Amino acid sequence: MHHKKIKVGVVQATPALFDIEKTVQLVINWIEKGVAEGCELLLFPESFIPCYPRGLDFDSIVGRRTEKSRNQWLEYWENSIETSSPYAAQISEAIRKAGIFVALGVTERESIGGSLHCALLYFDKQGNLIGKHRKLKPTGLERYIWAESDGSTLVSFDTEIGKIGGLICWENYMPLARMSMYQRGVEMYLAPTADSRESWQSTMLHIALEGRCFVLACNQFVQKSDYPERFQADLVHEPDIMSSGGSVIISPLGEVLAGPLWNEEGLLTAELDFSVLAKSKLDFDVIGHYSRNDVFKLEVVGQPEIRKIN
């Protein structure tokens with residue numbers, strides 16, 4: 001049996017914060033860099049469009065909103081992306097030209113109603129939007145700006161380069177959410193995040209070993225000076241480097257294949273040898289010989305079956 005090898009990339013970069021037009025162009029530039037490096041799959045960080053609004057509190061006060069908070073929200077809302085927008089079409093066209101799979105972290109705006117979701121958009125090699133995962137449970141103050149999702153967006157895809165799926169940021173601390181990916185046989189587990197703590201590396205390593213899958217994790221690199229001047233007064237107590245990154249690629253046996261990358265932008269790449277997936281199942285298979293289905297049952301409400309992408 002021939003086991004395939006593919007090259008993948010994770011983008012650690014700085015968006016043009018609160019500027020969808022410029023950030024879409026950055027996405028296109030990184031896609032071009034990824035294909036030039038021979039990547040067949042490219043992953044972008046959590047909410048790369050229009051940014052992860054780290055350090056901002058949107059004047060959150062229990063029981064009261066302020067005009068300042070509504071104006072900040074409006075700016076974030078206006079620069080979030082709708083999947084039917086010309087901006088999404090630009091990205092699709094760039095992916096079609098590149099001929100690679102792309103998973104892009106965005107803040108997605110509902111076309112009806114206007115709620116925002118932290119989402120991971122999946123594109124095939126033809127630039128088609130084949131599905132999206134929306135964060136099930138925004139963390140902390142994220143709940144103020146992002147709506148919750150449900151099991152219908154716990155999506156995964158069986159593609160020519162392998163089975164792909166994933167979760168966003170602290171969803172990866174949810175054991176049953178992880179199992180929802182494992183039970184679909186995900187081989188490349190995508191984990192875009194905003195967590196740049198050293199402890200996050202332990203989580204990614206654990207998932208690789210637990211799921212016996214390749215883990216692709218990526219984060220933004222953001223400095224306080226990257227924020228527009230109008231936000232600087234709100235960030236006076238923030239460190240100069242607000243997100244140091246920590247993007248990494250890990251094998252099913254816990255070997256770090258690339259990274260972690262700290263304190264700079266960059267494209268991490270690695271060749272994934274799928275024979276390692278099979279070797280890793282010798283002593284542990286979370287949905288196979290180690291699963292004890294006679295003892296444990298998992299039902300995920302509304303989760304779609306893995307989708308075959310030709």
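Fair warning: this is a prediction, and the values are worked out from it, not measured in the lab.
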R70 and E67 ion-paired at < 4.0 Å: no
Measure from the side-chain N and O atoms of R212 to the backbone N and O of K281, and report whether any donor-acceptor pair falls under 3.5 Å. no
Flag the pair E198 / W262 as yes when at least one side-chain heavy-atom distance between them is below 4.5 Å, and no otherwise. yes
Donor-acceptor contact below 3.5 Å, side chain R307 vs main chain I130: yes
Salt bridge R134-E148, side-chain N to carboxylate O under 4.0 Å: no
Test log, rule side-chain hydrogen bond (donor to acceptor under 3.5 Å, both in side chains), inputs Y189 and N172: CA-CA 10 Å; Y189 184 110; N172 290 286; 2.6 Å; yes
Rounded to the nearest 0.5 Å, how far does CD1 of I81 lie from CG of L104? 7.0 Å
Show your reasoning for whether side chain to side chain contact (heavy atoms under 4.5 Å, CB included) applies to L120 and K132. CA-CA 6 Å; L120 183 61; K132 70 180 81 167; over 6 Å; no
Got E93 and Q90 here, is their nearest side-chain heavy-atom distance under 4.5 Å? no
Give a yes or no on whether V8 and I309 share a hydrophobic cluster (residues Ile, Leu, Val, Met, Phe, Trp, Tyr; joining criterion: side-chain heavy atoms under 4.5 Å apart). yes
CD/E110: more than 12 non-hydrogen atoms of other groups inside 6.0 Å: yes
Between L272 and I249, does a side chain to side chain contact (heavy atoms under 4.5 Å, CB included) hold up when you go through it step by step? CA-CA 10 Å; L272 308 187; I249 304 173; 4.2 Å; yes
Residue pair I91, V102: steps toward the side chain to side chain contact (heavy atoms under 4.5 Å, CB included) verdict: CA-CA 10 Å; I91 294 168; V102 171; 5.8 Å; no
Working to the nearest 0.5 angstrom, can you tell me the gap between C118 SG and I168 CD1? 4.0 Å
Check: I31 and N29 side chains under 4.5 Å, non-hydrogen atoms: no
Any sub-3.5 Å donor-acceptor pair from S180's side-chain atoms to A177's backbone N or O? yes
Linking I/L/V/M/F/W/Y whenever their side-chain heavy atoms sit closer than 4.5 Å, directly or via other members, would I207 and Y290 fall into one cluster? yes
Within-4.5 Å side-chain heavy-atom neighbours: Q223 and D240: no
Apply the side chain to side chain donor-acceptor pair (under 3.5 Å) test between W170 and each candidate in T203, T139, D195; give the one that qualifies. D195
Any side-chain to backbone donor/acceptor pair from W77 onto G114? Under 3.5 Å, distance only. yes
Taking E265 for its side chain and T14 for its backbone only, find out whether a donor-acceptor pair lies under 3.5 Å. yes
Main-chain N/O of P304 paired to R184 side chain as donor or acceptor, under 3.5 Å: yes
Mind listing the closest non-hydrogen atom pair of G55 and M242 along with its distance? CA-CE, 4.1 Å
Please determine whether a side-chain nitrogen of the Lys or Arg among E160 and K4 lies less than 4.0 Å from a carboxylate oxygen of the Asp or Glu. no
Can you label the angle between the Y227 ring and the F18 ring as parallel, tilted or perpendicular, going by 30° and 60°? tilted
Close side-chain approach of F48 to P192, heavy-atom, < 4.5 Å: no
Would D226 and K224 pass as an ion pair if we require N to O under 4.0 Å? no
Any carboxylate oxygen within less than 4.0 angstrom of a Lys/Arg side-chain nitrogen, looking at E82 and R109? yes
Within the structure provided, determine whether V276 and E255 are in side-chain contact (heavy-atom separation under 4.5 Å). no
Roughly how far apart are L41 CG and I6 CD1, rounded to 0.5 Å? 6.0 Å
Indicate whether any N or O donor in one side chain lies under 3.5 Å from an N or O acceptor in the other, for Y76 and S47. yes
Find the distance between CD (Q303) and CG (L298) and round it off to the nearest 0.5 Å. 8.0 Å
Drop me the distance from S251's OG to L205's CG, to the nearest 0.5 angstrom. 9.0 Å
Could you tell me whether the side chain of T66 reaches within less than 4.5 Å of the side chain of R64, counting heavy atoms only? yes
Mind checking whether F214 and F274 have ring centres under 6.0 Å apart? yes
N219 side-chain N/O to G245 backbone N/O, donor-acceptor pair under 3.5 Å: yes
Any salt bridge linking E171 with K135? Criterion: basic side-chain nitrogen under 4.0 Å from a carboxylate oxygen. no
In one Ile/Leu/Val/Met/Phe/Trp/Tyr side-chain cluster, 4.5 Å: W73, L141: yes
Going by side-chain contact (heavy atoms from CB on, under 4.5 Å), F123 matches just one of N128, I100, I95. Which one? I95
Can you name the closest pair of heavy atoms from E210 and R178 and give their distance? OE1-NE, 2.7 Å
Could you please spell out the steps behind the side chain to side chain contact (heavy atoms under 4.5 Å, CB included) verdict for F101 and M188? CA-CA 12 Å; F101 289 88; M188 289 173 284; over 6 Å; no
Nearest heavy-atom pair of G259 and V248: which atoms, and what distance? C-CG2, 4.2 Å
Donor-acceptor pair, distance only, cut-off 3.5 Å: does the side chain of Q12 make one with the backbone of L261? yes
Quick check against the 3.5 Å criterion: does E187 have a side-chain atom that pairs as donor or acceptor with the backbone of G162? no
So does D57 pair up with K68, basic N to acidic O under 4.0 Å? no
Shortest non-hydrogen contact from V27 toward F44: O-CZ, 3.7 Å
Heavy atoms only: give me the nearest C51-L17 pair and the separation to one decimal. CB-CG, 3.7 Å
Polar side-chain atom of R54 near backbone of A194 as donor-acceptor pair, under 3.5 Å: yes
Is the closest side-chain heavy-atom distance between V24 and I49 below 4.5 Å? yes
Would L235 and I241 show up in the same hydrophobic cluster when neighbours are defined by side-chain heavy atoms closer than 4.5 Å? no
Mind checking the CD-CD spacing from E46 to Q220? Nearest 0.5 Å is all I need. 8.0 Å
Mind listing the closest non-hydrogen atom pair of V10 and A217 along with its distance? CG2-O, 4.0 Å
Any chain of hydrophobic side-chain contacts (each under 4.5 Å) joining M181 to I306? no
Describe, in one word, how the ring planes of W200 and Y173 are oriented to each other, choosing from parallel (under 30°), tilted (30 to 60°) and perpendicular (over 60°). perpendicular
